[in-house]
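One structure is given here, and the rest of the page talks about it.
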Amino acid sequence: GKGKGRKGPRDLSEMPQGCQSVIVKNLSYDTVEDTLHDVFQDCGAIERVNILTDRDTGRSRGIGFIDFETPEGASRAMSKFDEVVDGRAIYVDWSERKGGGKGKW
């Protein structure tokens with residue numbers, strides 16, 4: 001059958017110019033923002049970590065955003081692709097949300 005999505009991290013050449021944010025998917029519902037901060041802090045200075053939650057239940061939706069202070073931090077964060085956090089291998093991709101006019105949080 002067909003696999004879902006891509007099977008590896010994006011090529012660094014595909015990084016949007018000036019991108020300083022990554023989206024992290026496949027998070028455990030138990031993962032908290034402090035955990036993500038700890039996992040990614042060696043990539044560079046982090047400006048903000050935000051895990052999306054369900055508006056009605058307040059439960060994690062398994063998706064988070066990490067804003068770095070520099071594009072280099074976001075670039076280094078791609079090396080965390082498939083790292084296991086709270087028992088789940090995470091998916092990391094660039095987020096064009098910050099300054100790109102996309103996204104709504």
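Atoms considered below: every heavy atom in the structure, side chains included; atoms not considered: hydrogens, waters and symmetry mates.
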So how far is it from [X] [atom1] to [Y] [atom2], rounded to the nearest 0.5 Å?
X   : Y   : atom1 : atom2 : result
R59 : I51 : CZ    : CD1   : 13.0 Å
E33 : D38 : CD    : CG    : 12.0 Å
I66 : S95 : CD1   : OG    : 10.5 Å
Y91 : D82 : OH    : CG    : 10.5 Å
T31 : I90 : OG1   : CD1   : 8.5 Å
K25 : F81 : NZ    : CZ    : 10.0 Å

So if you build clusters from Ile, Leu, Val, Met, Phe, Trp, Tyr with side-chain heavy-atom gaps below 4.5 Å, do V32 and V39 land together? no

Same cluster for Y29 and V85 if Ile/Leu/Val/Met/Phe/Trp/Tyr side chains link at under 4.5 Å? no

Within the structure provided, determine whether L27 and L36 are in side-chain contact (heavy-atom separation under 4.5 Å). yes

Flag the pair E72 / R76 as yes when at least one side-chain heavy-atom distance between them is below 4.5 Å, and no otherwise. yes

Sub-3.5 Å donor-acceptor pair from the side chain of [X] to the main-chain atoms of [Y], do we have one?
X   : Y   : answer
K80 : V92 : no
E69 : G44 : no
N26 : A89 : yes

Nearest heavy atoms of [X] and [Y], plus distance in Å:
X   : Y   : result
F68 : I46 : CE2-CG1, 3.6 Å
W94 : E14 : CZ3-C, 3.9 Å
C43 : A77 : SG-CA, 3.6 Å
A74 : Q20 : CB-C, 3.7 Å
G62 : S60 : N-OG, 2.9 Å

May I have the step-by-step check of side chain to side chain contact (heavy atoms under 4.5 Å, CB included) for F40 and V49, ending in yes or no? CA-CA 10 Å; F40 286 92; V49 177; over 6 Å; no

